Amino acid sequence: MQRRILAISAVSLLLGALAIYFWFPESQGALAFCWRGGVLLGAAWLAFDDVQRLPGWLLLAVPILLIVAAKWPRLLLTLIPLIIIWAVMRKILGRR
């Protein structure tokens with residue numbers, strides 16, 4: 001049911017964007033909101049099954065990473081390669 005709601009919302013926003021584009025071309029803010037919101041909800045609709053399989057800790061880590069990126073962007077430039085190296089080493093050492 002939730003996936004259907006995402007699809008209906010995405011189509012509604014995209015149709016709203018088309019209506020605004022043709023009948024109210026001067027309202028650029030509403031047009032941008034409808035286009036971006038429709039595309040975002042469409043992408044969420046496509047990825048819905050994959051998102052359901054994500055671990056719970058990842059849903060907590062993403063907002064924290066966004067806050068860290070906003071506060072200290074150089075820290076992420078150091079942490080991302082370290083996390084990738086850690087993940088690769090974990091796979092290599094875990095295959096024994």
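Only heavy atoms go into these numbers, but all of them, side chains included; no hydrogens, no water, no symmetry mates. In this text, all values refer to a predicted model and were calculated from it rather than measured experimentally. All residue numbers in this chain count up from 1 along the given sequence.
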ask   = To the nearest 0.5 Å, how far apart are OG1 in Thr78 and CD1 in Ile83?
value = 10.5 Å
task = Please report the shortest heavy-atom distance between Leu13 and Gly37, naming the atom on each side.
result = CD1-C, 3.6 Å
request  = Report the residues that fulfil side chain to side chain contact (heavy atoms under 4.5 Å, CB included) with Ala17, sequence neighbours left out, ordered by chain and then residue number.
outcome  = Leu31, Cys34, Trp35
request  = To the nearest 0.5 Å, tell me how far Ile85 CD1 sits from Arg90 CZ.
outcome  = 16.0 Å
request  = Please round to the nearest 0.5 Å and tell me the distance separating atom CG of Leu46 and atom CG of Leu6.
outcome  = 10.0 Å
Listed partners of Leu40 passing side chain to side chain contact (heavy atoms under 4.5 Å, CB included), at least two apart = none
task = Treat each ILVMFWY residue as a node, draw an edge where side-chain heavy atoms are under 4.5 Å apart, and state whether Leu41 and Val39 are in one component.
result = no
message = Would you compute the distance between atom CH2 of Trp86 and atom NZ of Lys91 and round it to the nearest 0.5 angstrom?
response = 12.0 Å
Which atom of Leu75 lies closest to which atom of Val68, heavy atoms considered = CD2-CG1, 3.9 Å
ask   = Just how far is it from atom CD of Gln28 to atom CD1 of Ile20, taken to the nearest 0.5 Å?
value = 10.0 Å
request  = Apply side chain to side chain contact (heavy atoms under 4.5 Å, CB included) to Ala19 and list each qualifying residue two or more places apart in sequence or on a separate chain.
outcome  = Trp23
message = Between Arg3 (side chain only) and Phe48 (backbone N and O only), is there a donor and an acceptor less than 3.5 Å apart?
response = no
